[in-house]
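Indexing begins at 1, ligand by ligand and atom by atom, following the structure's order.
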Amino acid sequence: MADLLSLEDYQKIASGLTVPTQSFIDGSFRPALSGKTFTSTNPATGEVLAQIAACNSDDVDFAVAKAREAFEDGRWSKLHPTERKDVLLNFCRLVTEYRHELAVMESLDSGKPIADCETIDVPEFTHTVAWHAEAIDKIYDQTAPVGNDAVSLIVREPIGVVGAVLPWNFPLLMLAWKIGPALAAGCSLVIKPAAQTTLTALRIAELASQAGVPDGVFNIVTGSGRDVGEPLGKHMDVDMVAFTGSTDTGRRFLRYAADSNLKKVVLELGGKNPCIVLDDAENLDYVAEQVCAAAFWNMGENCSAGSRLIVHEGIKDELLARIKALAAEWQIGDPLDPANQLGAMIDSGHFAKVAGYLEQGKAAGHEVVLGGETKDGIYILPTIFDGVSPEDALAREEIFGPVLSVITVSSYDEAIAIANDTEYGLAASVFSANAAKALRAARAIRAGTVTVNCFGEGDITTPFGGYKQSGFGGRDNSIHAHDQYTELKTIWVDLSVHAPDDRG
Ligand SMILES: NC(=O)C1=CN([C@@H]2O[C@H](COP(=O)(O)OP(=O)(O)OC[C@H]3O[C@@H](n4cnc5c(N)ncnc54)[C@H](O)[C@@H]3O)[C@@H](O)[C@H]2O)C=CC1
Ligand code: BAL
């Protein structure tokens, strides 16, 4: 568990912060080639944090050229895997050294509660990068079963220049999910953080450079989706794009690839994830705790948020009373205060979108069990709507806020059918005391991760990604992530051309 400081300590760190404001390309901070900037604000206070370089396709071209140069001359891609491992572990040590500064920067920039930044985002960043670094000199290539007249090697090689386009809900963690396997594999990266949350990515790039990641390997280009994300997606010299964000923008990356160089595209997209509680679920206090975490953690700004509670009528009232009591205790307010579990929504636009769902739910006549209100124009109180039907917008659309919709069912089959009645398929949870029934449900649900008797996303050892419109092309985390950032090469050696007496 990370060591939490006091609110006063965090305020002191915040007031002493120097935040990075420029892109990081070829080992140096640089203004946008156009000289333009955009304003980055603290979502909780509206205070201006920085004027950040507003890059465009010229900066993308420059960064990709530098990334390509680094990749081709092998300064990173051709290092012995153990050497890459050592540099990356050194990088993780530096990140840990600056953990409080990074946690504060992340919280100021995103509105996330500092306690989460300290206990989850920063330590999970280093855990992810270190795990891939540790793995890279333990992965063996293969030979194929081709008989005595040939030897065939199947080797993995780094894919090349990777564009990583990131969301704002887990700025550090999504950065780690992409750079961990990509850097370990030997790729060069051009990273586009979300415009709302650029600060920690820039600081991380500086620390990576300080730790020994060579110039040109780890580049950050700041700016909007249109000005930076689109040129990266369409670039003829980018070999792959790894994207986390909305399904609509993910679709665009497939079009960009189709219209340019058919680059590989890996998409981690939205979700409308079910939490199924069957009538034999035990320990309802614990179930309630897990459902609250599923629905409200990170303000519900989470692709794997369990935003649909599908609960059996036999235990619904008892469970809902417990969820309501627990959720009412979640403290919301100043993200820098370690006592708060909920911070600010990412920006006023997203706040308005989520607040709109609160109004929509009330107008539709759903029972407001808890919340349904906003605070200070940027916070959304944990909200529970009961009496939601599977056809309602609240049950079908990704709200990306702390809003739980309760759907009551009378059988196992009905629960599974409703769980699967969605265009998404990212994650799900099932609660039942009957292990066989829970496992049967886990197999029946079409989602990339199904947790049994808990909410979660697995861990670094388990692949994370979606079925249906929640994902495309691969998985984050685990050794399968390594596959995303590598190409498979077959090397076939024909032995039959050499007669035995040719030896020597
Ligand atoms: N799966 C997830 O983790 C996330 C899902 N979302 C969902 O998306 C909704 C909208 O949030 P946004 O921030 O607008 O998500 P988004 O998917 O548009 O943004 C994600 C990234 O894509 C970039 N981008 C945006 N438009 C682009 C374009 N035309 N071409 C290339 N890159 C582009 C953004 O600058 C950002 O870096 C949220 O309300 C939420 O429902 C948002 C963030 C993360
Ligand atoms: N929960 C990790 C992935 C995401 O929300 O984008």
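Shown are Leu183, Leu189, Asp26; of these, the side-chain contact (heavy atoms from CB on, under 4.5 Å) with Val217 is made only by Leu183.
Using a 4.0 angstrom heavy-atom cutoff, Glu301 does not count as in contact with ligand 2. Distances shorter than 4.0 angstrom do not occur between any heavy atom of Met174 and any atom of ligand 1.
Considering backbone and side-chain atoms alike, Thr249 places an N or O below 3.5 Å from some N or O of ligand 1. Remark: ligand 2 and Trp177 share no N or O pair separated by less than 3.5 Å (distance only, no angle test). For ligand 2, the polar-atom distance check finds an N/O of Glu457 within less than 3.5 Å of one of the ligand's N/O atoms.
No more than 12 heavy atoms of other residues, nucleotides or ligands shown are found within 6.0 angstrom of NZ on Lys36.
By the criterion of a heavy-atom distance under 4.0 Å, the side chain of Lys353, and not its backbone, is placed next to ligand 1. In Leu173, neither the side chain nor the backbone holds a heavy atom less than 4.0 Å from any atom of ligand 2.
Of all protein heavy atoms, the one closest to atom 3 (C) of ligand 2 is Cys303 SG, 2.9 Å.
Within the 4.5 Å cutoff, no side-chain heavy atoms of Thr247 are placed close to those of Phe472.
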Name the atoms and distances for all side-chain donor-acceptor pairs under 3.5 Å in residues 158-181, with sequence neighbours left out.
residue, atom, partner, partner atom, Å
Asn169, ND2, Glu301, O, 3.3
Lys178, NZ, Thr244, OG1, 2.8
Lys178, NZ, Asp476, OD1, 3.3
Lys178, NZ, Asp476, OD2, 3.1

